[in-house]
There are 2 protein chains.
Amino acid sequence: MEYYREDSAILLAVDCIIFGFNGESLQVLLIKRDFEPERNKWSLMGGFVQADESPELAASRVLKKLTGLENVYMEQCSVFGDPKREPNNRVVSICYFALIDTQKYTHILSEEYEAKWFPLQDYPTLIFDHDQMISSAQHRLRMKAALYPILFELLPEKFTIPQIAALYEGVYNIEFDKRNFSRKLLASDLIIKLDEKDKENSKKGAFYFKLNTAIYKEKIMSFLRYLPSWFPEN
Amino acid sequence: MEYYREDSAILLAVDCIIFGFNGESLQVLLIKRDFEPERNKWSLMGGFVQADESPELAASRVLKKLTGLENVYMEQCSVFGDPKREPNNRVVSICYFALIDTQKYTHILSEEYEAKWFPLQDYPTLIFDHDQMISSAQHRLRMKAALYPILFELLPEKFTIPQIAALYEGVYNIEFDKRNFSRKLLASDLIIKLDEKDKENSKKGAFYFKLNTAIYKEKIMSFLRYLPSWFPEN
DNA sequence: AATAATTAGTGTCAAATTAACATTTATTTT
DNA sequence: AAAATAAATGTTAATTTGACACTAATTATT
């Protein structure tokens, strides 16, 4: 059958860009490879797509293998498929980004892998095109977060306004006026004030909030207003 | 080598969602398959990724084969890889959407394929998961166009304001106040007024504009304001 | 015990932007 | 010459933004 000729001996893989937020800065989870090629170098967590599984499933499997976590927010981002991207084989990799709250999950990091959180501003050189993968995922995250309130996926159940502000500042690498930010955020009705205060991070203490899930699910384009309109991307 | 075992006999394909705008409505270019399986049914134009080419290149090749066009705006969108998405083989397909001006290119449609523009509101049932591919590409187009002025890629060199308005209305499937739209558009400095008028579509005639390419390249997030903030997506 | 230091949270206001609506203009058809 | 049509410009009140100042709650310092 001419149409289905076996002209592409291509291996299909997935790589996970795992973003985390520790209350202060945006992080990315990397592993130290314990196999060849490129043994002992830092890389993204990845794996091959099996014959009977979808790429989504493969990505979830890989994520679970590393972190033990399931039902994590994951989203497909770009595919890297340059014929020369890996030296020995033709591997096309589909990237997924995942959003998780680092604080909650530090303890169940797999012992099978040497894994470590690195600040997104300062992580080691990675193998192959994994640096590009992170850049591309970050770009995608920025785009998505400008339209949808997905960054709340990075926060714990209870969070403070200064934390959200730090998160947005980390994602977009800008600073903005906390007073105006807080006003807009509250006006959105996306968050609900709790009685409790977080006394860890400041003398005065900041009130905890929780997500208003009903509004969270309906909010979309209108959320774009959380970014200043002069936001200087490139 | 354990790591690179041949566990995935997966074929890798690309499919192109080719969006066009004829001055009135948003269209998508489909072909009638002349090969099995699913001969004579409508589908997206696609093809397999060759051993020595990147997915991007494969998509460009496929697009050129159908339309004769090169240097078209193309963007990767989602990957479809369900193990059962094609009945006979395990094919994972990377989708690309392309933006072209239908009017300019109707005449060089390949004679090798039976290809036809269909309104995005009303196209025939497609093979496999190609309907989902279109939906997903449309979603992506909306998201991208809310942040970046890419829709100008669908317009000819010279275009009128009523045309741009129709284009945005088509993409988001809403109507908005042309007076306010036009004011915002002009305020953006994205378009430059020409002396000439388009007399085809109205008695009075509408002035032609051309793109201000310098501003086009720098405009990004700020363009988000071209959508009403109450925009009701889902 | 008083005071300084720190960060959270609320308040003010002028300027810019939006949304809703009205009018004028250029041209063709009747 | 008048009517019809669609483009283009104008008006205005309400809302939102951006820039800034102040108050509040608590801990550390003297």
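Every chain is numbered from 1 and lettered A, B, ... according to where its sequence line falls, protein lines coming before strand lines. FYI, side chains are in, hydrogens and waters are out, and symmetry mates aren't considered; it's all heavy atoms of this structure. Please read all numbers here as calculations on a predicted model, not as lab measurements.
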Query - Residue pair A:Gln138, A:Ser136: steps toward the side chain to side chain donor-acceptor pair (under 3.5 Å) verdict - result: CA-CA 5 Å; A:Gln138 197 179 359; A:Ser136 145; over 6 Å; no
Report task. Determine, step by step, whether A:Ser54 and B:Asp82 satisfy the side chain to side chain donor-acceptor pair (under 3.5 Å) criterion, reporting the C-alpha distance in whole Å, the side-chain angles of both residues, the deciding distance to 0.1 Å, and the verdict. Result -> CA-CA 5 Å; A:Ser54 67; B:Asp82 189 277; 5.6 Å; no
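Residue B:Lys197 has no polar side-chain atom (N or O) positioned under 4.0 Å from OP1 or OP2 of D:dA7. At C:dG9, none of the side-chain N or O atoms of A:Lys203 fall inside 4.0 Å of OP1 or OP2 (strictly under the cut-off).
Residue B:Phe207 comes nearest to B:Leu194 through the heavy atom pair CD2-O, 3.4 Å, listed as atom of the first residue, atom of the second, then distance.
Note: CD (B:Glu200) to C1' (C:dT28) measures 15 Å, nearest angstrom. The separation between A:Asp177 atom CG and C:dA8 atom C1' is 13 Å, rounded to whole Å. If you measure from atom CG of A:Leu185 to atom C1' of C:dT10, you get 15 Å, rounded to the nearest angstrom. Taking atom NZ of B:Lys199 as the reference point, atom P of D:dT5 lies 17 Å away to the nearest angstrom. We find that CD of B:Glu24 is positioned 12 Å from P of D:dA6, with the value rounded to whole Å. The interatomic distance linking B:Asp198 (CG) with C:dT27 (P) rounds to 13 Å, in whole Å. To the nearest angstrom, P of D:dA8 lies 13 Å from CZ of B:Phe181. Put simply, NZ on B:Lys178 is 22 Å from P on C:dT24, counting in whole angstrom units.
Evaluation of atom-type donor-acceptor distances gives a pair under 3.5 Å for the side chain of A:Arg183 against the base of D:dG18. Between the side chain of A:Lys204 and the base of D:dA24, a donor-acceptor pair under 3.5 Å is found. For a distance-only test at 3.5 Å, the side chain of B:Arg179 qualifies as a donor-acceptor partner of the base of C:dA22. Within 3.5 Å, a donor on the side chain of A:Asn180 pairs with an acceptor on the base of D:dA19, or the reverse.
The aromatic rings of A:Tyr172 and A:Tyr168 sit parallel to each other, their planes meeting at less than 30°, with 60° as the upper class boundary.
A donor-acceptor contact closer than 3.5 angstrom is absent between the side chains of B:Glu196 and B:Tyr208.
For B:Ser202, taking side-chain heavy atoms from C-beta onward, the closest of the listed nucleotides D:dA7, C:dG9, C:dT7 is D:dA7. Comparing D:dT9, D:dA7, C:dT10 by their closest approach to the side chain of A:Ser182 singles out C:dT10.
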